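Here the structure comes first, spelled out in structure tokens, and everything after it is commentary.
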2 protein chains.
Amino acid sequence: MNMEPINLKKLASLLHLSISTVSKALRDSHEISADTKKRVMDLARELNYEPNPYAGSLRKFKSKTIAVIVPDIINNFFIFAIKGIQEMAHARGYHVLIYITNENPEYEKDVVRHMTNGRVDGVVISLTSPLDDTEHLQALQEKGLPIVFFDRVAEGFGNSSIIATNNYESAYNGTRYLIEQGCKRIAHCQVSDKISIGIDRLQGYQKALEDAGIAVRPEWILTSRKDYMHDTALIEQTLLQKNAPDGLFTSVETHALIAYDICRKHQIDIPGQLKLLSFSNMPTAHLLKPSLSTITQPAFEIGQAAVQQLILALEKPARYVPEQINMDSVLVKRESTAKQPDQ
Amino acid sequence: MNMEPINLKKLASLLHLSISTVSKALRDSHEISADTKKRVMDLARELNYEPNPYAGSLRKFKSKTIAVIVPDIINNFFIFAIKGIQEMAHARGYHVLIYITNENPEYEKDVVRHMTNGRVDGVVISLTSPLDDTEHLQALQEKGLPIVFFDRVAEGFGNSSIIATNNYESAYNGTRYLIEQGCKRIAHCQVSDKISIGIDRLQGYQKALEDAGIAVRPEWILTSRKDYMHDTALIEQTLLQKNAPDGLFTSVETHALIAYDICRKHQIDIPGQLKLLSFSNMPTAHLLKPSLSTITQPAFEIGQAAVQQLILALEKPARYVPEQINMDSVLVKRESTAKQPDQ
DNA sequence: AATAATTACGGAATCGTTGCCGGTAGCCGG
DNA sequence: CCGGCTACCGGCAACGATTCCGTAATTATT
């Protein structure tokens, strides 16, 4: 069952040609006659010859492989982004190694560090590490590996493109929308206070409150620890306090779902007592009870754009200039933020 | 910025040692003195030396890389399975290449064919190809590459483990449950009539009908073409005909969501007019309106088990015997199948 | 004290592929 | 008839790491 492998040497001996001739024939070199090319290609096809990718990588310092590093996969944003990354990469002939850091900065560092050995030509990453702790990324840069950030980005990396959404504006508009719907006490649940999207979205939220003349209450800025139990307790306690918020703006769909569960448990009416708005790419948002108002990012397109930038950096380094691409997310208004009769 | 690479040669020259000595020292060989080992390891750590994986792969015919091939990624079953695969693989020191075939058998064949070149040590796959068209998998087998199937499996591959759920029993129990809830006219939407889970689930559905003395109506066995428009039209037409089904049992969550949309559009009451049951791993099933009754597979565990089997085949081929592991799925009863007062 | 065994290291081949260089045969112009 | 040109092909040295083998120096054995 374990057939002996077919390689150039094998082909060459069968065809009574030299290895280099076979190699050139397969690569359609002009140095080889049409006759010979045909003989070589026919036999290669017949024997199902597939060049060993690692031998080529060793010579050419290119692996035609990229890494995608994401904090989480149980999150529809990343699912759609990965789908975009995957499709674009394969369309351009690249293979995709996937790494899930589980929101663990130490693990992310490990993964990134082991990436300096030529296994991949470039990296597409959505960070879980705090913005002030990025030496592991610097190391990659120094090795000359192109990096493209998406969604959770780090700025100030000279060579790196950044693909993100208009987080500040989205959060501003979302918060203002909640205010327009009658909310006066809006809490915000951020994914982290140390990463880009956490900071940008918080600022948008704060600015919208200020512009409406509403004081920002620090105790209503909830910061996730990416721990289900902790986050649940934090949100629950906030929603159950006296004079509780009448609006909740969450930064990831997980927290919106937690809020749903809490409201069911304690019979808090959405949107009557609490209006809920969340960044989310859930395909079921419109089917929930009540349907969930969302700020939806173009996740698939973000993934595609990230890979396009990366491949540009890899294949036309001369023509490549790092770009900061900002895509618009859309606010989809549904029942969870509906204005009530008495409001 | 593009620092010169550090490899064994570089380390050797810096340490005034030979390449082979450095290599052995790093691998903790007994041939090397403790002194030298320490000198080597210290410098390697200081310079952040990472061995080139492809050079080793070339010599040892092992890449420490596996491929996971799935038909789709916008499907929570595969999401959780991929998470399980990923975690287990990384825990055992393997890298994971991901390929999404988009339910396209031709693309799957392409991917599999290009896998015979040593890029991966083994393959974890959920099939999209019909059961009677598996030469591409035979080719892998002949090359000696271990394959582990999960969920959508192919039998009769001597070397291959199979990880699946009790599809027949689950479908039987699910259908019987619908009957117990008062359904008399149950339609079934299968994912395909040519793959394992499609066939097994259909048989379970049919047997449950027979055992209840209900005739199987072929026109109520809907076969997906994995095309959103087509599937929507098919289900819509079935649900709108006169004497329409009073129960729908779908094999993938996508079709359940389609059914939700159709029912909303045409004001068909769930569960009043139509009871809905679906295989699904949706985290939002309990939050839908109405909440969705599901048959939920242990997707994460299936992914883990698949990789465990694969690594066993790779690392202890002598001790490895192909296994057929069947895990139980659970039927979660919710509103979409609730018995009505008059039933 | 002579031989055997052990320790610690270096040399060189090897994995499969690429690409530079060189060589031969045939053809043409001068 | 010879130099130069093109078309076509082969030899060989890499790429980075592993591993078999060889060897010198030191230690152990009888």
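Hydrogens, waters and symmetry mates are skipped; everything else that's a heavy atom, side chains included, is used. A quick note: this is a predicted structure, and the numbers were derived from the prediction, not measured. All chains are named by letter (A, B, ...) in the order of the sequence lines, taking the proteins before the strands, and each is independently numbered beginning at 1.
Side chains of A/Ser23 and A/Ser20: a donor-acceptor N/O pair is absent below 3.5 angstrom, by distance only. Counted by atom type alone, A/Thr116 and A/Glu142 present zero donor-acceptor pairs between their side chains at under 3.5 Å. Between the side chains of A/Tyr54 and A/Ser63, no donor N or O sits under 3.5 Å from an acceptor N or O.
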Mark up nucleotides 15-27 of chain D, 5' to 3', with B wherever a protein heavy atom is under 4.0 angstrom from a base atom, S wherever such an atom reaches only the sugar-phosphate, and - elsewhere. BBBBBB-------

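Interatomic distance, NE2 of B/His114 versus OH of B/Tyr99, reported as 10.0 Å (0.5 Å rounding). The distance from atom NZ of B/Lys194 to atom OG of B/Ser129, rounded to the nearest 0.5 Å, is 12.0 Å.
We find that NZ of A/Lys10 is positioned 18 Å from C1' of C/dT17, with the value rounded to whole Å. Taking atom CG of A/Asp28 as the reference point, atom P of C/dT18 lies 13 Å away to the nearest angstrom. Residue B/His16 contributes atom NE2, which lies 15 Å from atom P of C/dC9 at whole-angstrom precision.
When the options A/Asp133, A/Thr134, A/Thr128 are evaluated for a side-chain hydrogen bond (donor to acceptor under 3.5 Å, both in side chains) with A/Lys109, the one that passes is A/Asp133.
Remark: B/Ser33 is in phosphate contact with C/dC9, judged by side-chain N or O atoms under 4.0 Å from OP1 or OP2.
A cation-pi contact links B/Lys64 to B/Tyr94, judged by a cut-off of 6.0 Å to the six-membered ring centre and 45° from its axis.
Within residues 111-119 of chain A, no residue approaches DNA chain C, by heavy-atom distance under 4.0 Å.
When heavy atoms are screened at a 4.0 angstrom cut-off, A/Thr36 is found touching the sugar-phosphate backbone but no base atom.
The aromatic rings of B/His90 and A/Tyr107 lie tilted to each other, with the angle between the two planes from 30° to 60°.
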